[in-house]
Amino acid sequence: MPERSQNDRTMIEISHVTRSYGAFKALDDASLVIREGEFFSLLGPSGCGKTTLLRMIAGFDNPTSGTIAVDGQPMAGIPANRRPTNMVFQSYAIFPHLNVEQNVAYGLRRLRLGAAEEKRRVEEALAQVSLTGLGKRGAHELSGGQRQRVALARALVMRPKVLLLDEPLSALDKKLREQMQVELRRLQQAVGITFILVTHDQYEALAMSDRIAVMFGGRIAQVASPKEIYQRPVNRQVADFLGGMNFVKAEIVEENGSSLVVDTLGFGRVKTEKPKAFVRNGGGATLGIRPERLRVLWDDASSKFEVAGRVIERHYFGEITHLIVEIPGLEKPLSVTETNDFGADDIPVGAPIRLAYDPDALVALAD
Amino acid sequence: MTAAAEGSQPLSLGRRQRTSLLQSEAAQGFALISPTFIYALVLLVVPILVVVAHSFWTQNYLTIDRTFTLENYRIAVTEPIYLDLLRRSLWISLLVSFFTVVLAYPIAFYISFHGGRHKGLWLFLITIPFWTSYLLRVMSWKVILGYNGVLNSGLMGLGIISEPSTALLYNTSAVVITLTHAWAAFAILPIFVSLEKIDRSLIEAATDLGDGPLRRFLRITLPLSVPGIVSAILIVMIPTVGDFVTPKLVGGKDGVMIANAIQAQFGKGANWPLGAALSVTTMLVVTAMAASTVLIIRSAARMAR
Ligand SMILES: Nc1ncnc2c1ncn2[C@@H]1O[C@H](COP(=O)(O)OP(=O)(O)OP(=O)(O)O)[C@@H](O)[C@H]1O
Ligand SMILES: [Mg+2]
């Protein structure tokens, strides 16, 4: 898929936004800049404030403090119906008394484009979401996936500056969801509109986004590209939320501007890149390594960097096998994900095993 | 499923069918509603049949001649007095259902959309006036609208009128006002229920697509509450046509309705067959009027896209 060239123009600027419900802060001092044409995801566990933030951008809710600007224009005091944003609701909110065409034309009707132009734009939007020919279908005659597409077309047809999507795929089954992820990304590239996607599914966020903001408990923990979020999470919480991660206790030996030297029991002395948000808390730190960055060393193969241990559990997942490996000296066993092409699914439980790793795959994490 | 299971054991087919009939959902449902069903049959269908039968007979002083005749219907639909009463009754019930719904809608809307956590309390408060007898409520309207009534005293106190108006009581509008008040709660409830059923995200979606409060009310809330409006109208319109207490108490000479004439035929007039024919005619006309009102509202809602 060719990457659409993005510019660096700011489309949305969220600064120090807090939303309180009494003493409880659903959103706590969130600041964020989203660029024009970007596919941006808000990722976090249930209740972390993603929907709250999205609804404030759409204008359905107002910050207790802080400001939101869309395309340079402050949004305070502008009601939802006059904001240059459109939303795809989690429930899709398809108008039940209107057919597909009338649903899609709903927002256009007010613009008085004339029947021909309105029809042309509706057709165009339906084509964009592959619903051509279903215009006369009633709202109740649609499958979940089709409803999702209608909701998408209805918002896209308005040509908003920003399209807001609140967990648009969560109601679909796995296969359709994966197909829609690809389609949604392709669509975004084609129309060039800034998309903000709310999701609690880390794979969805990783697969679709240009950048991701990871949120916990109303706070934004990290904003970065999928690759960076996955490979260089800023803390244990982010690392843990984005797939599995082995955590290894470490002693800090040396700390300078950009790097960190630590001692671990299993992995020995390691020099790693120091994360931006690293805050030293005494002499301890945590090293993390993703299960798929540990490779099984077969027979007499060897690696400059390896650890040895014993397999204590094996879980088969079709294309991969999950091994739990006990390493002498480590308080917790390591999980290892290995593809099955070399027979990892045949490794007996209890067998001795050696694992190779790339020291670059070790990340230092602030606790 | 059942067909396959039966097919595999053809020998016990007969027995299986019987049990499956007894256990079928329809049969169970029927068993469940049968007490109510029998009750409804005895108290609704039988009286209607009795009335319909009478309408084809003739009153012969104290006895009833049971030979079939359409004479009663001829009188019912040609005699100017009955036509006039029927027309007036329909007009009054149309007015009453219109005003009731127009007044009930905003109340139902307010409770549904702005009632917050106290919706139940609001609905409860609305039903309080209905704990008193209907007659008492009609009487209190007499007190309000009467010659020395609250309204006249109030208007005189404000200097708007110099002597009590007699235009308030004993006429059609007094009947309409009293009935509108009497039916308000019955109209609020179905409208409230249909408003409650509207998914609030639909209204947000309309807002998101650019509609202000008025537009989204006209394009989303109102069309989706049509079922409630329709039930409210039916609930009010049908019994109103047949009301005879209200016109008797506050209607005076102008407010007489068809039910008063029917009552007279069954009472003083002692002509049951004519009364029955008037009843049946009224029922048919009301049904037609209610059906066409429903159709008009439905198509109006469809147009409002
Ligand atoms: N009206 C409200 N009153 C009080 N608390 C609220 C209100 N709305 C939301 N919250 C709280 O704010 C927090 C954030 O809610 P939000 O809906 O933004 O979560 P979310 O990240 O979208 O979660 P999910 O993935 O479950 O949709 C939650 O803890 C929620 O309980
Ligand atoms: Mg949410």
Side-chain angles (χ1 to χ4, degrees), chain A residues 51 54-61 78-113 118 122 125 138-139 147 150-160 162-168 171, chain B residues 101 105 108-110 112-118 190-234 293-305:
Chain A
T51 300
L54 202 72
R55 289 174 61 82
M56 287 195 291
I57 298 172
F60 294 124
D61 195 2
I78 299 184
N81 55 328
R82 280 195 245 120
R83 294 197 179 187
T85 58
N86 279 109
M87 184 135 161
V88 174
F89 291 81
Q90 182 164 6
S91 61
Y92 306 149
I94 305 294
F95 303 127
H97 56 307
L98 305 179
N99 66 22
V100 168
E101 227 167 54
Q102 290 164 330
N103 261 284
V104 176
Y106 190 94
L108 293 180
R109 191 53 56 89
R110 196 178 29 89
L111 305 179
R112 305 195 182 288
L113 302 169
E118 183 181 298
V122 169
R147 294 169 75 78
V150 173
L152 198 56
R154 187 176 69 181
L156 276 177
V157 80
M158 301 305 292
R159 298 182 182 159
V162 181
L163 187 72
L164 308 168
L165 305 106
D166 192 357
E167 310 216 13
Chain B
V101 168
Y105 200 99
F109 185 90
Y110 180 83
S112 179
F113 283 83
H114 305 286
R117 275 175 298 156
H118 306 297
I191 297 174
F192 171 78
V193 169
S194 70
L195 288 172
E196 278 293 283
K197 277 202 295 197
I198 298 175
D199 183 354
R200 298 304 190 255
S201 71
L202 296 177
I203 292 160
E204 283 190 342
T207 311
D208 188 64
L209 292 166
D211 276 357
L214 182 64
R215 274 176 192 278
R216 62 183 181 251
F217 172 74
L218 292 175
R219 297 177 74 189
I220 303 294
T221 316
L222 190 58
L224 289 178
S225 60
V226 161
I229 297 176
V230 165
S231 357
I233 286 180
L234 294 182
T293 312
V294 170
L295 284 180
I296 290 169
I297 291 173
R298 291 246 169 94
S299 53
R302 216 164 294 132
M303 303 253 289
R305 283 160 193 182

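By convention in this document, chain letters (A, B, ...) are assigned in the order of the sequence lines, proteins followed by strands, and residues within each chain are numbered from 1. Atoms considered below: every heavy atom in the structure, side chains included; atoms not considered: hydrogens, waters and symmetry mates.
Pairing each heavy atom of I94(A) with each of A139(A), the nearest pair is CG2-CB, 3.8 Å. Closest non-hydrogen pair, E196(B) versus R200(B), comes out as OE2-NH2, 3.6 Å.
Within the 4.5 angstrom heavy-atom criterion, only side-chain atoms of M158(A), from C-beta onward, approach chain B. Both the backbone and the side chain of D208(B) come within less than 4.5 Å of a heavy atom in chain A. For chain B, the nearby parts of Y106(A) are the backbone and the side chain; heavy atoms of each come within less than 4.5 Å. The contact between I220(B) and chain A is made by backbone and side chain atoms together, counting heavy-atom distances below 4.5 Å.
Chosen from R55(A), Q90(A), R83(A), R82(A), the residue pairing most often with chain B at heavy-atom distances under 4.5 Å is R55(A).
Residue pairs meeting the salt bridge (charged side-chain N to carboxylate O under 4.0 Å, His left out) criterion with at least one partner in residues 88-98 of chain A, sequence neighbours excluded, do not occur; the list is empty. Sorted by first then second residue, the salt bridge (charged side-chain N to carboxylate O under 4.0 Å, His left out) pairs that include residues 88-106 of chain A, not counting sequence neighbours, are E101(A)-K136(A).
The aromatic rings of H97(A) and F95(A) stand perpendicular to each other, their planes meeting at an angle above 60°, with 30° marking the opposite boundary.
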